[in-house]
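Comments concern the structure below.
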Protein chains: 2
Amino acid sequence: MSNAAPGTPAPPPSPWDRRRRPRAQAAPARLPLSRERVVEAAFTVLDDQGLDGLSMRRVAAELGVTVSALYAHVSSKDDLLELMYTRLFDGFELPEPDPKRWREQLRDFAHAGRRRLLSHRDMARISMAHVPFTAELLPHVEGLLAIFRAAGLPDHIAAEAGDLISTYIDGFVLEEGMWQDRAAREDGEEASLARPDWHEMADRMRDYFASLPAEDFPNLRALSGLMVSGSSDTRFDTGLEIILRGLASYLPDTAPGDDAR
Amino acid sequence: MSNAAPGTPAPPPSPWDRRRRPRAQAAPARLPLSRERVVEAAFTVLDDQGLDGLSMRRVAAELGVTVSALYAHVSSKDDLLELMYTRLFDGFELPEPDPKRWREQLRDFAHAGRRRLLSHRDMARISMAHVPFTAELLPHVEGLLAIFRAAGLPDHIAAEAGDLISTYIDGFVLEEGMWQDRAAREDGEEASLARPDWHEMADRMRDYFASLPAEDFPNLRALSGLMVSGSSDTRFDTGLEIILRGLASYLPDTAPGDDAR
DNA sequence: ACCTGAACACCGTTCAAGT
DNA sequence: ACCTGAACACCGTTCAAGT
């Protein structure tokens with residue numbers, strides 16, 4: 001379907017497809033393959049085609065090389081995906097715990113995490129598929145635990161909180177992506193060289209809820225505006241705040257004026 | 001690999017493989033295909049082989065039928081997966097909202113949801129891949145919203161809370177499954193006809209954490225016992241309670257003695 | 001009406017062979 | 001040392017043909 005004749009560029013199918021780089025002249029110096037270059041090419045394919053379109057053969061094509069050549073540098077497709085996952089969080093640093101600012105530090109963490117996940121298409125799906133205890137990611141877990149414990153949370157809460165927040169971030173971004181995909185799919189390939197158009201979709205969704213029978217879905221109808229409109233940034237913050245308040249409730253001093261937001 | 005000669009049954013590879021029913025005599029009355037029977041067979045294959053092993057061809061084989069025959073009853077593999085997803089929650093009812101018992105009602109909801117997800121292998125992965133606004137699932141969303149609003153939560157919180165809890169449930173069960181898979185994979189196919197052995201894995205995990213350098217991972221080491229041991233039931237409840245307390249913090253009356261648990 | 005057989009356009013992975 | 005070519009054992013989906 002996307003296998004048009006060479007030299008027939010298709011319109012960009014996704015917001016990640018920032019000007020499809022020309023296939024042929026992509027490898028100018030014929031520099032040798034490497035783990036790093038394979039991962040790089042995989043990200044390019046991911047952004048172009050999405051996770052379902054990410055195949056070893058396409059990565060090889062992106063590099064102007066045979067499929068089997070890849071297996072000298074990555075041991076399997078799963079290995080490649082794990083490489084991408086850990087590379088996504090390269091240089092992701094957690095701050096020294098500051099007990100007075102633990103909420104703010106967690107908000108920063110969540111925002112930075114979401115930003116990274118949003119930086120490549122379907123990245124949340126890849127992230128969800130990996131338990132975060134690979135060696136490279138352990139410092140992040142450690143950093144989160146440090147913040148929780150410095151804040152004064154009981155150990156059994158601290159032990160659970162990292163997973164809770166990380167799952168929230170992954171899950172939220174995953175859903176964001178699903179909405180975009182669904183919008184893109186419904187538009188067909190027709191006139192939609194416009195990116196998924198993040199606003200028109202919210203309207204369609206609201207219309208959908210509004211069309212439901214009032215006697216069966218009174219609450220869904222009443223909240224349709226809130227559930228779908230509002231920037232997803234503020235929706236993300238709302239959910240995050242619920243979690244942070246829940247954590248705060250386990251603090252010895254239930255600081256009264258500390259109402260957040 | 002699992003294509004042994006007919007009549008050479010392999011040892012059960014998963015806890016779901018409760019006594020692999022014999023292939024040949026499976027279709028006694030030669031009753032005609034139907035949407036329902038296709039979904040049924042798909043669940044069998046899922047439990048045997050996991051989501052990665054769930055192919056249209058295997059579903060067809062399970063039914064003693066050609067692949068192409070399936071397409072008269074389901075329009076695609078995605079269609080089949082969505083059918084499985086909605087069927088999983090068949091008969092899932094939400095109670096009439098009782099403002100005094102909203103926490104308990106949500107705990108029941110979460111437990112019932114987790115139980116359903118655990119009833120078939122990799123079901124959380126399938127659930128995660130579906131945004132819960134398919135027509136069949138809308139009553140659940142409505143029922144959740146009803147509970148939140150009856151409890152007195154502000155609308156913008158109620159609108160977010162359903163997603164938050166559902167994502168938590170999916171994410172938690174997803175991770176449970178990943179630990180089991182990892183344990184099963186590390187055991188190789190060797191002597192492990194014993195099911196993943198949910199306890200030995202916790203030990204291995206704790207050993208892993210304990211082996212980390214103490215100066216770099218003091219908190220991870222200190223909490224290793226809590227992060228991995230303890231039944232996953234109580235870990236599930238802990239995370240859930242954090243969310244419920246967060247929600248409760250938005251109630252007008254911050255009921256003082258209402259400390260839950 | 002319901003299913004089969006064969007084909008098409010893909011997959012991930014392996015491995016002997018080339019340079 | 002690094003890559004190619006060909007093969008193997010799979011995929012999802014379509015469609016003419018059989019009964």
Side-chain angles (χ1 to χ4, degrees), chain A residues 1-6 8 10 13 26-27 29-42 45-46 48-84 122 125-126 129 185 189, chain B residues 1-6 8 10 13 26-27 29-42 45-46 48-84 122 125-126 129 185 189:
Chain A
M1 183 173 282
S2 65
N3 281 345
T8 316
R30 211 66 187 79
L31 72 172
L33 240 44
S34 67
R35 248 173 127 69
E36 197 43 49
R37 286 194 66 221
V38 172
V39 173
E40 200 78 40
V45 174
L46 181 69
D48 281 3
Q49 316 280 344
L51 182 56
D52 294 330
L54 175 60
S55 70
M56 297 299 276
R57 292 174 134 93
R58 276 208 253 245
V59 173
E62 180 67 32
L63 290 162
V65 124
T66 282
V67 214
S68 42
L70 301 180
Y71 287 85
H73 301 96
V74 298
S75 64
S76 68
K77 187 181 179 182
D78 276 349
D79 182 34
L80 176 55
L81 288 172
E82 191 166 327
L83 250 25
M84 297 171 78
D122 282 346
R125 282 173 65 190
I126 296 178
R185 215 178 316 117
E189 351 277 332
Chain B
M1 184 175 279
S2 66
N3 280 347
T8 318
R30 210 65 188 81
L31 73 173
L33 242 41
S34 67
R35 248 173 126 72
E36 197 42 49
R37 286 194 66 220
V38 172
V39 173
E40 200 78 40
V45 174
L46 181 69
D48 280 3
Q49 316 280 344
L51 182 57
D52 294 330
L54 175 59
S55 71
M56 298 299 276
R57 291 173 134 92
R58 278 208 252 243
V59 173
E62 180 66 32
L63 290 163
V65 124
T66 285
V67 214
S68 41
L70 301 181
Y71 287 85
H73 301 95
V74 299
S75 66
S76 67
K77 187 182 180 181
D78 276 350
D79 183 34
L80 175 55
L81 288 171
E82 190 166 329
L83 249 26
M84 297 171 78
D122 284 345
R125 283 173 66 191
I126 295 178
R185 217 180 312 119
E189 350 279 331

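Every chain is numbered from 1 and lettered A, B, ... according to where its sequence line falls, protein lines coming before strand lines.
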Separation between CD1 (A:Ile126) and CG (A:Leu51), nearest 0.5 Å, reads 5.0 Å
Taken to the nearest whole Å, CZ/B:Arg58 to P/D:dA9 is 15 Å
Separation of C:dG12 atom C1' from A:Leu54 atom CG, nearest Å, is 12 Å
- Side chain to side chain, B:Met56 and B:Val45, heavy atoms closer than 4.5 Å: no
With the side chain defined as heavy atoms from C-beta on, B:Thr66 is closest, among C:dG5, C:dC3, D:dT13, to C:dG5
Worksheet entry | Whether B:Arg58 side chain and B:Gly53 backbone form a donor-acceptor pair below 3.5 Å | yes
Could you list the protein-to-nucleotides 16-19 of chain C atom pairs, N/O on both sides, closer than 3.5 Å?
none

When rounded to whole Å, the CZ to P distance for the pair A:Arg35 and D:dC3 reads 15 Å
- Measure from the side-chain N and O atoms of A:Thr66 to the backbone N and O of A:Ala69, and report whether any donor-acceptor pair falls under 3.5 Å. no
To the nearest angstrom, the CG-C1' distance between B:Asp79 and D:dT14 comes to 16 Å
By nearest-nucleotide position on DNA chain D, the 5'-leaning member of A:Leu70 and A:Arg57 is A:Leu70
To the nearest angstrom, the CE-C1' distance between A:Met56 and C:dC11 comes to 11 Å
Rounding to 0.5 Å, atoms CG (B:Leu80) and CG (B:Leu70) come to a distance of 8.0 Å
Task: A:Ser55 side-chain N/O to C:dC11 phosphate OP1/OP2 under 4.0 Å - done: yes
Of the candidates C:dT13, D:dG5, C:dT4, the side chain of B:Ser68 sits closest to C:dT4
Rounded to whole Å, the CG-P distance (A:Leu81 to C:dG12) equals 10 Å
What one should report as the nearest heavy-atom pair of B:Val74 and B:Asp79 is CA-OD2, 3.6 Å
Whole-Å distance, B:His73 NE2 to C:dC2 P, equals 6 Å
Any sub-3.5 Å donor-acceptor pair from A:Arg35's side-chain atoms to A:His73's backbone N or O? yes
Which of C:dT14, C:dC3, D:dC11 is nearest the side chain of A:Tyr71? It is C:dT14
Between A:Ala42 and A:Leu54, the two heavy atoms sitting closest are O-CD1, 3.7 Å
By the 4.0 Å heavy-atom rule, please label A:Ala72 as base, sugar-phosphate, or nothing.
nothing
To the nearest angstrom, the NZ-C1' distance between A:Lys77 and C:dT14 comes to 17 Å
Taken to the nearest 0.5 Å, the spacing of A:Lys77 NZ from A:Glu82 CD works out to 14.5 Å
Note, DNA chain D 5' to 3' with Watson-Crick or G-U pairs under 3.5 Å encoded as ( ), [ ], | and . gives ||.|||||...|||||.||
Would you state whether a donor and an acceptor, one from the side chain of A:Ser76 and one from the base of C:dG12, lie under 3.5 Å apart? no
Applying side chain to side chain donor-acceptor pair (under 3.5 Å) to B:Asp78 and not counting sequence neighbours gives none
Integer angstrom distance from the P of C:dA9 to that of D:dA9: 22 Å
